[in-house]
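What's counted below: heavy atoms across the whole structure, side chains too, no hydrogens, waters or symmetry copies.
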Amino acid sequence: MSDISDDDNEISFAVKLLGRVEVVRSEGMQILNEAVQSLKKPDKESTEKLQKKNKVSLFLSMSGIDILEHKTKFMLYTCPLSSVSFCAVIPTTPKVFGFVAKHPAADMYHCYLFQSKKFSHLLVSIIGDAFRATKREERLRGGGRDLIVEALRHKNKVLQRENAELRMRLSASGD
């Protein structure tokens with residue numbers, strides 16, 4: 001089940017959170033498979049396996065992915081889309097999908113694993129589309145800034161030439 005909000009362009013899905021695992025690399029199917037395996041044999045330092053699969057609301061917007069407890073709407077995790085580096089469905093378990101995101105404060109990556117009976121492929125596709133759209137928007141904004149900077153540099157050169165001409169006229173009239 002999903003809900004789409006037109007006000008802030010976000011979509012939410014009810015899924016089961018399997019856990020969050022610290023991973024060594026930022027992308028690759030092997031990372032997701034290793035994360036699934038570590039959930040089966042948890043290491044207390046690097047794995048946050050949940051005692052029972054928690055039903056969560058996965059909110060996806062152009063700014064990021066928010067993971068909230070389904071009943072209380074308590075924020076468990078938030079990941080800006082710019083920090084997400086990989087997202088895929090586990091091929092051996094098509095109901096399980098995950099994404100890898102860089103921790104905002106530390107130099108580490110976490111893999112978030114979920115289970116969805118119907119929406120795993122759709123969610124991976126939507127996360128990928130949102131990620132690509134965000135990157136495209138950043139490039140366009142960055143490109144716009146480059147044009148503004150170039151325009152200001154050109155204007156600065158024109159004003160410097162004009163200033164130099166006025167100084168020459170002033171010094172010529174003063175002599």
| Listed partners of S63 passing side chain to side chain contact (heavy atoms under 4.5 Å, CB included), at least two apart | S61

| query | Is there side-chain contact between I126 and L60, with heavy atoms separated by less than 4.5 Å? | reply | yes

| query | Can you name the residues that form a side chain to side chain donor-acceptor pair (under 3.5 Å) with H70, not counting sequence neighbours? | reply | S57

| note | Residues passing the side chain to side chain contact (heavy atoms under 4.5 Å, CB included) test with R169, sequence neighbours excluded, are E165, L166

| Under the salt bridge (Lys or Arg N to Asp or Glu O under 4.0 Å) rule, what pairs show up with a residue in residues 66-80, not counting sequence neighbours? | none

| request: Any chance you could pull the hydrophobic cluster mates of L68, using side-chain heavy atoms under 4.5 angstrom and chaining through other members? | output: F59, M75

| request: Scan for salt bridge (Lys or Arg N to Asp or Glu O under 4.0 Å) pairs involving residues 95-116, sequence neighbours excluded, and state none if there are none. | output: K102-D107

| F13 side chain near L122 side chain, heavy-atom distance below 4.5 Å | yes

| said: Holding to side chain to side chain contact (heavy atoms under 4.5 Å, CB included), I want the full list of residues that pass it with P80, two or more places apart in sequence or in another chain. | reply: S82, S83

| field | Residues that H103 engages under ring pair (Phe, Tyr, Trp, His ring centres under 6.0 Å), provided they are two or more places apart | value | H110

| query | How would you list, by chain and number, every residue that makes a side chain to side chain donor-acceptor pair (under 3.5 Å) with Q30, sequence neighbours excluded? | reply | E34

| remark: For F97, the ring pair (Phe, Tyr, Trp, His ring centres under 6.0 Å) test, sequence neighbours excluded, returns F114

| Mind checking what makes salt bridge (charged side-chain N to carboxylate O under 4.0 Å, His left out) contact with R132, not counting sequence neighbours? | D129

